[in-house]
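Have a look at the structure below, then the notes.
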Amino acid sequence: MSAGLHVLPSEELVLPTLKNDGNRRWLQPSVIRGKWWWRRMVVAYSIIFLFFLIPHLKWHGKPLVLLDIVSRRFSILGYTFLPTDTLLLALLVVGLFLTIFFTTALFGRAFCGWACPHTMWMEFVFRPIERWLEGPDYGKAHKKGMNAFRKAIRLAAYVFFCWAMANTFISYFVGMEQLKTWWIQSPARHPIPFLVQLGMTAAFVFHFSYFREQLCLIACPYGRFQSVMLDRQSLIVSYDRQRGEPRGKVKKNQTPSTSAVGDCVDCRACVRVCPTGIDIRNGLQMECVNCTQCIDACDDIMTKLNRPTGLIRYSSQNADQGMPSRFLRPRLFLYPTVLLILGIIFFAVLMSKKSFDAVVLRQLGAPFVLTAEGDVQNLLRLKVHNRGETETTLDIKVANAPDARIGFVSAIPTIKPDHIETIPFSIVMPRSAFSHGGFDAQIRITSSTGDERTLLCRLLGPSNPTN
Ligand code: SF4
Ligand code: SF4
């Protein structure tokens, strides 16, 4: 701010990371390695390990997870979903959202603190790097400036981890084999993927070195949604106001009964560890990501003062206000019931799927051709996706016209597992079969594995069959 400019203090806290003068308050939370921190650490490193491992895993020869957007094929647990699997994909998406609602109703914003990629990487990869480089000066180094050598090491470490993260993320969309090919080839042979890798790495470096907790505070929609998904019984990290207030300093081994103050000694340890910069003593706040660091910090203080731990703990809004707590409530039955129904529908649809998908399309050009014998020829294409585990060949017939003749431009190819083939073919029928310029053919396709599909297709012909 320029000298002489009078800045009015804001009447309320706008953002925990915003100073009164409008500048950013940089957060460099300290860490308390309590029981919750160790548990989160195990979960975080397991998730990060799985993130790197999954692109290398296969299931029945297919990638465990491959979201091939360009080819519009999504492989999950060995099953390939196509854009035509609209119902299955819709069921998956609805199921995912319901699972999030259910988890939030049960455990509050547990995802943010225990599974969100931002939190996992920030708190268990990037912040430990900073703490290691800054040593005991962590928290002060930002103000006075880290020395250039340490800054260079920090930048190199950020770029390395962000590059690894970006490449692994990309491998979920293109597959590991494709990614390895890009690694060994010159970037000139694949400029666009190379730029995507660079851009994503740069975006991650920007995020983890600059944007950081702003994602949780101002950008992430889940934080906003939580207020409607939480209820008064949901598990939240909360401060026991009745036990802690009035807060104040007391001597060691003094108890609230002899000091006339509550158990909170106003040491602000819970605030210093908070990665979003809030004070949990102000009650439930949208910025709280349920990371449990304030629980560990306060338990540590209480232990040193020989007082019971749990002044900050997992609780619920009702329990905090001394109202009856009811763990079992209608939504805890509603969500799993709907999820179960969706699951049953999903597997029923999945099981009813044939070993191949097929669609009949018209060839470009004339709608039909009259042959030298006076018959009507329709030129068509059959697009087939072999979803089975073995190679297959096909037989095509017109089920409701036994005298129809099927012609092929070339021999019907053998279709490999999980491959899509387009087979041009023609149907020749006597012109007497056509009325009002068309014939509704039932095209029956039988695979060598014994599966059968009947597709409806309107064949075109002369509007007057006798001329
Ligand atoms: S850490 Fe515990 S005692 Fe210290 S200020 Fe926070 S709530 Fe109070
Ligand atoms: S208030 Fe506590 S649980 Fe919430 S984000 Fe801050 S430290 Fe984590």
Side-chain angles (χ1 to χ4, degrees), residues 13 15-17 25-41 43-44 104 107-116 118-124 127 139 212-220 222-224 226-227 230 234-256 259 261-317 320:
L13 183 70
L15 263 185
T17 52
R25 181 163 78 90
W26 282 90
L27 299 180
Q28 291 191 297
S30 45
V31 64
I32 299 292
R33 293 181 177 84
K35 69 175 183 199
W36 290 106
W37 186 87
W38 285 106
R39 289 172 191 174
R40 282 178 68 229
M41 189 193 74
V43 174
T104 309
F107 305 119
R109 207 171 163 179
F111 171 78
C112 301
W114 291 79
C116 169
H118 158 79
T119 314
M120 300 295 100
W121 281 88
M122 191 71 231
E123 302 307 323
F124 293 97
R127 259 201 242 284
R212 302 188 155 199
E213 72 287 336
Q214 299 304 309
L215 177 76
C216 316
L217 301 182
I218 58 173
C220 177
Y222 181 54
R224 271 77 195 151
Q226 72 157 346
S227 52
L230 280 181
S234 302
L235 216 54
I236 52 169
V237 173
S238 81
Y239 164 70
D240 188 342
R241 181 167 281 280
Q242 290 182 354
R243 186 184 143 191
E245 302 292 318
R247 64 187 76 157
K249 307 275 181 207
V250 287
K251 295 200 176 79
K252 195 169 179 179
N253 290 327
Q254 255 189 329
T255 62
S259 67
V261 290
D263 265 351
C264 174
V265 292
D266 207 15
C267 62
R268 294 181 62 81
C270 51
V271 182
R272 283 194 299 276
V273 296
C274 181
T276 56
I278 59 170
D279 186 341
I280 190 68
R281 295 173 298 170
N282 295 337
L284 178 63
Q285 291 151 79
M286 192 201 69
E287 293 84 359
C288 176
V289 293
N290 272 28
C291 74
T292 67
Q293 260 293 276
C294 53
I295 301 183
D296 282 336
C298 192
D299 281 355
D300 186 50
I301 299 293
M302 291 296 118
T303 306
K304 285 176 182 157
L305 293 174
N306 287 331
R307 293 184 181 180
T309 57
L311 179 57
I312 300 176
R313 60 176 183 271
Y314 270 120
S315 182
S316 70
Q317 291 179 72
D320 281 350

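Predicted, not measured: the structure shown is a model, and the values here were computed from it. Both ligands and their constituent atoms are indexed starting at 1 by order of listing.
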side-chain hydrogen bond (donor to acceptor under 3.5 Å, both in side chains) partners for Arg40, two or more places apart: none
Heavy-atom neighbours of Arg39 CZ exceed 12 at 6.0 Å: yes
Met302: numbered ligand 1 atoms lying under 4.0 Å from its heavy atoms: 3 (S)
Residue pairs fulfilling salt bridge (charged side-chain N to carboxylate O under 4.0 Å, His left out) with at least one residue in residues 294-303, sequence neighbours excluded: Asp300-Lys304
Atoms of protein origin (N, O or S) under 2.8 Å from atom 8 (Fe) of ligand 2: Cys291 SG
Contact summary for Asn290 and Ile236, nearest pair of heavy atoms: ND2-CA, 4.2 Å
Neighbour count >12 (heavy atoms, 6.0 Å) for atom CZ, Phe107: no
Glu123 vs Trp37 side-chain heavy atoms within contact, under 4.5 Å: no
Ionic contact status for Arg247 with Asp263, cut-off 4.0 Å: no
pair Ser234-Thr104: side-chain heavy atoms closer than 4.5 Å: no
Main-chain N/O of Gly277 paired to Arg25 side chain as donor or acceptor, under 3.5 Å: yes
Under 2.8 Å from atom 8 (Fe) of ligand 1 - protein N/O/S, by chain and number: Cys264 SG
Residue pair Pro275 / Glu213, side-chain heavy-atom distance below 4.5 Å: no
